[in-house]
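Shown next, in structure tokens, is the structure this report addresses.
Residue numbers start from 1 in every chain, and the chains themselves are labelled A, B, ... in the order their sequence lines are given, proteins ahead of strands. Atom set for the values below is all heavy atoms of this structure, side chains included, hydrogens, waters and symmetry mates excluded.
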There are 2 protein chains.
Amino acid sequence: MKTRVNRSSLSEQAVGLLREQICNHALMPGQRLDEAVLAEQLGISRTPLREALKVLSAEGLVDLQPHKGCFVTELSLRDLEEIFPIMATLEGRVAHEVATKRTPAQLKALDTLHDKLERHAAAGDLNRYYETNYVFHDQMQECAGNRWLQIVIGDLRKLLKLSRHHSLRLEGRLSASLAEHRALMQALHRQDAETAEKVMCGHLLAQLAALREMSLAPEAAHG
Amino acid sequence: MKTRVNRSSLSEQAVGLLREQICNHALMPGQRLDEAVLAEQLGISRTPLREALKVLSAEGLVDLQPHKGCFVTELSLRDLEEIFPIMATLEGRVAHEVATKRTPAQLKALDTLHDKLERHAAAGDLNRYYETNYVFHDQMQECAGNRWLQIVIGDLRKLLKLSRHHSLRLEGRLSASLAEHRALMQALHRQDAETAEKVMCGHLLAQLAALREMSLAPEAAHG
DNA sequence: CTCCGGTATGTTGTATACAAAATATCGTAT
DNA sequence: ATACGATATTTTGTATACAACATACCGGAG
């Protein structure tokens with residue numbers, strides 16, 4: 001049943017698979033990754049696997065301790081407290097750029113995605129909201145047109161996926177998130193770069209606040 | 001005479017050496033890196049070398065093309081135009097943080113470094129000015145106390161080193177840079193976070209402007 | 001019983017041999 | 001002479017074997 005063309009190298013495939021499994025939490029944070037075991041599971045030898053682990057290590061998804069082993073990165077609350085403000089700053093800049101130089105077609109695409117968000121929220125479908133939200137932010141970065149900004153934000157997003165908690169699971173956070181997106185879209189329509197930046201920055205910091213609250217009082221979360 | 005302890009693995013040593021050679025432009029941007037040749041030069045086998053190249057590739061210092069080879073990354077002017085605004089934003093945030101929560105001891109350390117800058121500038125010693133400037137920015141990030149911000153900025157700085165041009169070589173840029181640093185120090189003393197952020201952001205953007213000018217009119221550069 | 005040291009085991013790190021892919025070379029046909 | 005194609009060579013990608021290091025286990029001394 002392995003019909004898909006294997007164009008890429010085994011090490012690259014391993015990077016993709018492992019990255020997916022780490023983000024899916026099929027590989028839990030803190031878990032040790034035994035090279036021999038993992039290599040056999042993937043059906044490859046240790047050589048390409050080790051190259052893959054080097055890449056994941058550089059991305060921050062695993063912690064490669066010399067002569068000790070490889071461990072899936074565990075993000076502490078402190079890490080989140082440090083990363084989210086960076087994301088907030090960078091995505092704020094994205095929003096600023098988009099508000100300034102968006103084309104009508106781009107604005108329409110964003111509107112379409114925002115409508116999806118509205119519908120998923122109305123249906124209470126957290127998973128689809130989350131996915132669409134991801135696509136939305138991706139689309140925003142695309143519109144900003146800064147490839148390196150896209151890379152940096154992308155790297156940080158991958159890292160944040162290590163966190164098992166979703167801010168949307170906090171009571172009331174979904175509607176708040178939606179309200180922030182509405183405010184953002186309004187600012188984009190008005191080409192109000194200052195407001196767009198401020199709203200986006202606040203949007204990310206609000207996510208952090210939600211995660212902080214959930215970590216302190218886990219019973220506030222549902223789902 | 002190889003008295004130094006070889007604690008780290010060969011692949012890690014290779015990463016260090018190659019990174020240094022790339023930043024020193026001993027390995028020129030665009031140059032192809034033949035695995036067999038490089039391995040022999042470093043006195044190691046291809047296995048650890050390849051792992052090193054994977055790491056450098058993840059850092060963006062080399063471009064690893066499947067089945068083609070490894071090439072030292074070439075930064076275009078467009079790349080600089082994209083990276084500097086990001087650096088400006090992030091270092092601006094650093095300045096904001098430092099102005100807010102610096103301790104008297106930290107401020108003193110920064111003052112000491114700034115004095116060095118003044119002296120090197122007065123002596124017209126571009127290289128030392130450049131080095132000290134690097135240490136100064138590093139110290140700032142240290143004071144900001146955000147490890148991830150430090151990592152992200154560090155990665156971008158490594159990338160920027162790929163550029164063969166130093167903005168300081170532009171006529172008049174040295175004194176301008178110094179003036180910006182003076183303004184920054186004043187803001188830090190006053191704990192004026194807003195100004196510190198704005199000055200630092202402008203400092204980075206001014207470097208970009210200098211590079212842009214040099215790229216358009218290379219004869220404006222000296223050194 | 002606890003602590004220390006030595007051996008045993010297993011895992012990571014490296015080298016080498018081999019497979020696969022891309023590039024270069026050379027001969028032939030137009 | 002140039003363009004095309006088959007072969008040869010080089011280079012990247014992978015597997016396996018071995019070495020180095022860390023840890024676990026076990027036995028003995030205090």
Run the side-chain donor-acceptor check on residues 33-45 of chain A: report pairs under 3.5 Å with partners two or more places apart or on a different chain.
from	atom 1	to	atom 2	distance (Å)
A:D34	OD1	A:A36	N	3.0
A:D34	OD1	A:V37	N	3.1
A:E35	OE1	A:R46	NE	3.1
A:E35	OE1	A:R46	NH2	3.0
A:E35	OE1	A:R50	NH1	3.4
A:E35	OE2	A:R50	NH1	2.9
A:S45	OG	A:T47	N	3.4

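- Every residue was checked against the ring-ring contact (aromatic ring centres under 6.0 Å, His included) condition with B:F71, not counting sequence neighbours, and none meets it.
- Partners of A:T132 according to the side-chain contact (heavy atoms from CB on, under 4.5 Å) rule, which considers only residues two or more places apart in sequence or in another chain, are A:L113, A:K116, A:L117, A:H120.
- The ring-ring contact (aromatic ring centres under 6.0 Å, His included) check on A:F136 picks up A:H181, with sequence neighbours excluded.
- Partners of B:R147 according to the salt bridge (charged side-chain N to carboxylate O under 4.0 Å, His left out) rule, which considers only residues two or more places apart in sequence or in another chain, are A:D79, A:E82.
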Name each donor-acceptor pair under 3.5 Å that joins a side chain in residues 99-107 of chain A to protein atoms two or more places apart or in another chain, with its distance.
from	atom 1	to	atom 2	distance (Å)
A:T100	OG1	A:H96	O	2.8
A:K101	NZ	A:E97	OE1	3.2
A:K101	NZ	A:A144	O	3.1
A:R102	NH1	A:L188	O	2.6
A:R102	NH1	A:H189	O	3.3
A:T103	OG1	A:Q106	N	3.1
A:Q106	OE1	A:T103	N	2.9

Check nucleotides 6-9 of chain D for protein N or O atoms closer than 3.5 Å to its own N or O atoms and list the pairs.
none

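- By the side chain to side chain donor-acceptor pair (under 3.5 Å) test, B:Q31 pairs with no residue at all, sequence neighbours left out.
- Take the nearest nucleotide of DNA chain D for B:C70 and for A:K68: the residue whose nucleotide is more 5' is B:C70.
- Salt-bridge check for A:E12 with B:K54: failed, with every basic side-chain N at 4.0 Å or more from each acidic carboxylate O.
- Contact check of residues 30-55 of chain A against DNA chain D (heavy atom, cut-off under 4.0 Å) returns A:I44, A:S45, A:T47, A:P48.
- Listed by chain and residue number, A:K158 satisfy the salt bridge (charged side-chain N to carboxylate O under 4.0 Å, His left out) test with A:D155 (two or more places apart in sequence, or in another chain).
- Nucleotides of DNA chain C with any atom under 4.0 Å from a heavy atom of chain A span, from 5' to 3', C:dT11 to C:dT14.
- For the ring-ring contact (aromatic ring centres under 6.0 Å, His included) test, no residue two or more places apart in sequence or in another chain qualifies with A:Y134.
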